[in-house]
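What's counted below: heavy atoms across the whole structure, side chains too, no hydrogens, waters or symmetry copies. Residue numbers start from 1 in every chain, and the chains themselves are labelled A, B, ... in the order their sequence lines are given, proteins ahead of strands.
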Protein chains: 2
Amino acid sequence: MQNRADPRLLDAERLIQERLGGRRLDFDSMLAVSNIYRAATAVRRRAEKGVLSEFGLSWGGFTTLWVLWVWGEMQSADLADECDLSKGTLTGVVKTLEKQGFVKRTPVAADRRKVTVSLTGAGLETIEQLFPRFNLYEGEMVINLSATEKRELAELLRRVIVTAGSS
Amino acid sequence: MQNRADPRLLDAERLIQERLGGRRLDFDSMLAVSNIYRAATAVRRRAEKGVLSEFGLSWGGFTTLWVLWVWGEMQSADLADECDLSKGTLTGVVKTLEKQGFVKRTPVAADRRKVTVSLTGAGLETIEQLFPRFNLYEGEMVINLSATEKRELAELLRRVIVTAGSS
DNA sequence: TAATATCCGTTTGGTAGCAAACGAAATCGG
DNA sequence: CCGATTTCGTTTGCTACCAAACGGATATTA
């Protein structure tokens with residue numbers, strides 16, 4: 001374990017080990033989990049400040065647009081699920097996107113409790129313009145990883161998602 | 001690349017490739033970045049629903065308590081920095097923690113613009129009880145990773161943090 | 001088929017989070 | 001010194017997010 005590889009982040013980690021080293025703690029898991037969260041925050045902030053703000057979109061708004069683009073028209077509950085948002089939150093996100101003209105809601109005739117959400121023309125145009133640029137940002141953020149490392153990272157995270165997600 | 005390793009998550013990924021495959025996109029980066037975010041959400045939710053809610057703490061509140069535990073009394077700006085929160089957000093988190101009696105704010109005599117934040121006795125007791133349990137949760141969430149893989153994951157994420165964080 | 005239970009999206013009430021404006025306090029320049 | 005600038009933490013206004021309560025619509029069952 002080359003523990004001195006990156007001088008920028010490990011100082012704090014070493015301090016923590018000194019402070020808490022007396023206790024029987026699982027440092028490997030601690031560092032893995034806390035870095036997941038820190039990385040996610042950094043990535044989100046960068047994307048929001050960069051591309052997304054130009055289009056007036058939050059991370060959640062972008063995700064919703066993107067899911068609708070890939071999957072097409074969707075029922076509200078499924079959309080919430082796919083976007084990994086509670087249904088209450090999704091209502092708000094869709095409301096905002098509707099105001100912006102990116103999305104439209106359509107009542108389902110067969111079951112009047114239900115609603116489907118779909119992209120408008122403007123929404124489609126926006127996501128088609130936006131996504132390639134977003135993807136460039138993604139590339140920048142993992143620029144220090146080789147292709148193999150990216151796949152490795154994705155695979156390791158996949159396992160965490162499965163474990164942590166099955167609450 | 002064994003792309004069929006985990007049947008649970010890859011279906012959507014394959015669909016995406018089918019839908020977007022015609023475009024010249026960087027899928028490796030896309031999957032790495034989006035999995036970072038999904039993993040972070042899963043991890044946070046699980047921790048909040050599990051241990052943290054028992055102590056009436058949010059993720060941010062926990063982080064703040066933890067940082068104060070490791071680093072000791074801190075000035076507000078440094079604390080915000082270390083917790084990776086804006087100073088405005090930190091004011092709110094500290095206000096909540098203060099209400100709960102976990103933390104106290106002390107004006108700095110030498111510079112009356114400044115304030116230091118520190119754990120109260122109850123705060124210290126709480127984090128000392130809480131952290132080992134939180135750490136067990138962390139362990140559970142990466143239970144499907146070997147020790148080497150955990151360190152690998154932490155290291156890959158460290159590089160992402162450095163790149164994405166230097167905005 | 002009427003009462004009950006379940007299901008669906010929205011609303012509500014709360015915390016969290018950010019950026020930008022703010023006001024008080026310290027520092028700097030002349 | 002004294003005015004202008006910078007540096008703090010807080011406040012403000014906004015979006016996002018969740019859980020739980022809600023109310024209308026559909027299913028179930030007796």
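Nucleic acid contact class of A/T91 (heavy atoms, under 4.0 Å, all strands): base. Residue A/T89 is classed as a base contact, given a heavy-atom separation below 4.0 Å to a base. Contact annotation for B/Q75: backbone-only contact, meaning every heavy-atom pair under 4.0 Å involves sugar-phosphate atoms and none involves a base. Heavy atoms of B/K95 sit under 4.0 angstrom from primed sugar atoms or phosphate atoms, though from no base atom. Residue contacts shown for A/G88 include a base, since a base heavy atom lies under 4.0 Å away. Using a 4.0 Å heavy-atom cutoff across all strands shown, A/L85 reaches sugar-phosphate atoms only and no base atom. Backbone-only engagement by B/S58 is indicated by non-hydrogen atom pairs under 4.0 Å involving sugar-phosphate atoms exclusively.
Between the OG1 atom in B/T148 and the CZ atom in B/R151 there is a gap of 5.5 Å [rounded to 0.5 Å]. For the atom pair CZ of B/R38 and CG of A/D84, the computed distance is 5.5 Å after rounding to the nearest 0.5 Å.
With ring centers used as reference points, A/W66 lies 6.0 Å or more from A/F134.
Side chains of A/W69 and A/L119 form a contact here, defined as non-hydrogen atoms less than 4.5 Å apart.
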Would you check, one step at a time, whether the test side chain to side chain donor-acceptor pair (under 3.5 Å) holds for B/S76 with B/K87? CA-CA 8 Å; B/S76 209; B/K87 53 190 187 158; over 6 Å; no

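Between chain B and DNA chain C, the heavy-atom contact criterion of under 4.0 Å yields a 5' to 3' nucleotide range of C/dA16 to C/dA26. Using a 4.0 Å cutoff to heavy atoms of chain A, the contacted part of DNA chain D runs 5' to 3' from D/dA16 to D/dT26.
If A/T116 and A/R45 are placed on DNA chain C by their nearest nucleotide, the residue sitting closer to the 5' end is A/T116. In terms of position on DNA chain D, the residue among A/L57 and B/L90 whose nearest nucleotide sits closer to the 5' end is B/L90.
A/W71 and A/V115 fall into different hydrophobic clusters, where Ile, Leu, Val, Met, Phe, Trp and Tyr residues are linked whenever their side-chain heavy atoms come under 4.5 Å apart, directly or through other members.
Note on A/R159 versus A/E155: salt bridge recorded, some NZ/NE/NH1/NH2 to OD/OE distance being below 4.0 Å.
The aromatic rings of B/F62 and B/F131 sit parallel, their planes meeting at an angle under 30°, below the 60° perpendicular limit.
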Review item, side-chain donor-acceptor pairs of residues 136-143 of chain B, under 3.5 Å, at least two apart:
unit_1: B/E138; atom_1: OE1; unit_2: B/N135; atom_2: ND2; d: 2.9

